[in-house]
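Let me begin by presenting the structure, written as structure tokens, before commenting on it.
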Amino acid sequence: MLRAGRIARAVWMALPLLVAAGLAVVPTGGGPTICPFALLTGTACPGCGLTRAGAALMNGEIVAAFAFHPLIVPVGLAFGAAWFLGLVRRQGRPFRLDRRIVDRGVLALAALFALTWLIRLATGSLPPV
């Protein structure tokens, strides 16, 4: 019988594959909107289009991925870095990361999201809601 720790480690290791498999089957066309911001305002939020962008990227549709959301690569890299750091910590290896670096990275990404959203809103290039 497997211990809970081994099961959790196996799931953590398989997480990127599970995400990739999930995104590979998400339709990039239409679908119901589940974003609360979009449902309330009728306008796409700063993160709207990221799931469809990830799905398009997983299906090799690079141009479509960037049309759905131009920040798909930085977001993917941020999630990949968080997964890797979590993996290192789960294996009991000491890894120190200065909190100021993390805070600055999160703030920079948030500012990039806000700027991208404002530009897309001004140019009418937000994804459909």
Side-chain angles (χ1 to χ4, degrees):
M1 186 153 81
L2 291 174
R3 293 184 327 178
R6 284 189 174 182
I7 293 172
R9 186 175 19 249
V11 169
W12 191 262
M13 292 286 289
L15 194 58
L17 295 175
L18 294 171
V19 169
L23 286 175
V25 298
V26 170
T28 57
T33 297
I34 60 171
C35 173
F37 182 88
L39 290 172
L40 289 173
T41 66
T43 302
C45 77
C48 277
L50 275 172
T51 302
R52 288 175 283 173
L57 202 57
M58 290 307 302
N59 289 307
E61 303 169 14
I62 297 170
V63 174
F66 284 102
F68 283 125
H69 206 294
L71 297 181
I72 185 61
V73 171
V75 168
L77 290 173
F79 276 111
W83 172 82
F84 180 75
L85 291 175
L87 180 65
V88 168
R89 288 184 178 157
R90 281 193 165 278
Q91 292 180 347
R93 296 185 184 146
F95 188 88
R96 293 188 181 240
L97 188 60
D98 188 353
R99 185 71 189 169
R100 291 175 293 186
I101 293 172
V102 174
D103 290 345
R104 287 178 184 153
V106 169
L107 285 173
L109 193 56
L112 196 54
F113 261 93
L115 179 63
T116 301
W117 183 71
L118 289 172
I119 291 170
R120 294 177 82 193
L121 185 63
T123 61
S125 61
L126 285 171
V129 178

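Given the structure is predicted, the values throughout are model-derived calculations rather than measurements. For reference, positions follow the sequence shown, starting with 1.
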Using every non-hydrogen atom in the two residues, find where Ala78 and Leu109 come nearest and quote the distance to one decimal. CB-CD2, 4.2 Å
Within one Ile-Leu-Val-Met-Phe-Trp-Tyr cluster: Leu77 and Phe79, side-chain cutoff 4.5 Å: yes
Mark yes or no for whether Thr33, through its side chain, and Cys35, through its backbone, hold a donor-acceptor pair below 3.5 Å. no
Residues passing the ring pair (Phe, Tyr, Trp, His ring centres under 6.0 Å) test with Phe113, sequence neighbours excluded, are His69
All heavy atoms of Ile72 vs all of Gly54, minimum pair found to be CD1-N, 3.7 Å
Look at the side chain of Asn59 and the backbone N and O of Glu61, then say whether any donor-acceptor pair between them is shorter than 3.5 Å. no
Where is the tightest heavy-atom contact between Trp117 and Leu126, given as atom of each residue plus distance? CD1-CD2, 3.6 Å
Specify the closest pair of heavy atoms between Ala44 and Val129, including all atoms of both residues, with the distance to one decimal. N-CG2, 3.4 Å
Honestly curious: do Phe66 and Val75 fall in one hydrophobic cluster under the side-chain, below-4.5 Å linking rule? yes
Test side chain to side chain contact (heavy atoms under 4.5 Å, CB included) on Leu23 and Thr51 and set out the steps. CA-CA 7 Å; Leu23 286 175; Thr51 302; 4.2 Å; yes
Student check: side-chain heavy atoms of Pro46 and Arg120 closer than 4.5 Å: no
Flag yes if Leu85 and Leu87 sit in one hydrophobic cluster, no otherwise; membership is Ile, Leu, Val, Met, Phe, Trp, Tyr, and two members link when side-chain heavy atoms are under 4.5 Å apart. yes
Are Leu97 and Trp12 connected in the hydrophobic side-chain network, where two residues link if heavy atoms are under 4.5 Å apart? yes
Rounded to the nearest 0.5 Å, how far does CG of Leu71 lie from CG of Leu112? 4.5 Å
Around atom CG of Leu40, are there more than 12 heavy atoms from other residues, nucleotides or ligands closer than 6.0 Å? yes
Quick one: does Arg99's side chain get under 4.5 Å of Val102's, heavy atoms only? yes
For the residue pair Thr116 and Pro70, what are the closest heavy atoms and their distance? CG2-CG, 3.6 Å
Give the cluster check for Leu15 versus Phe84: same hydrophobic cluster or not, with ILVMFWY residues linked at side-chain heavy-atom distances below 4.5 Å. yes
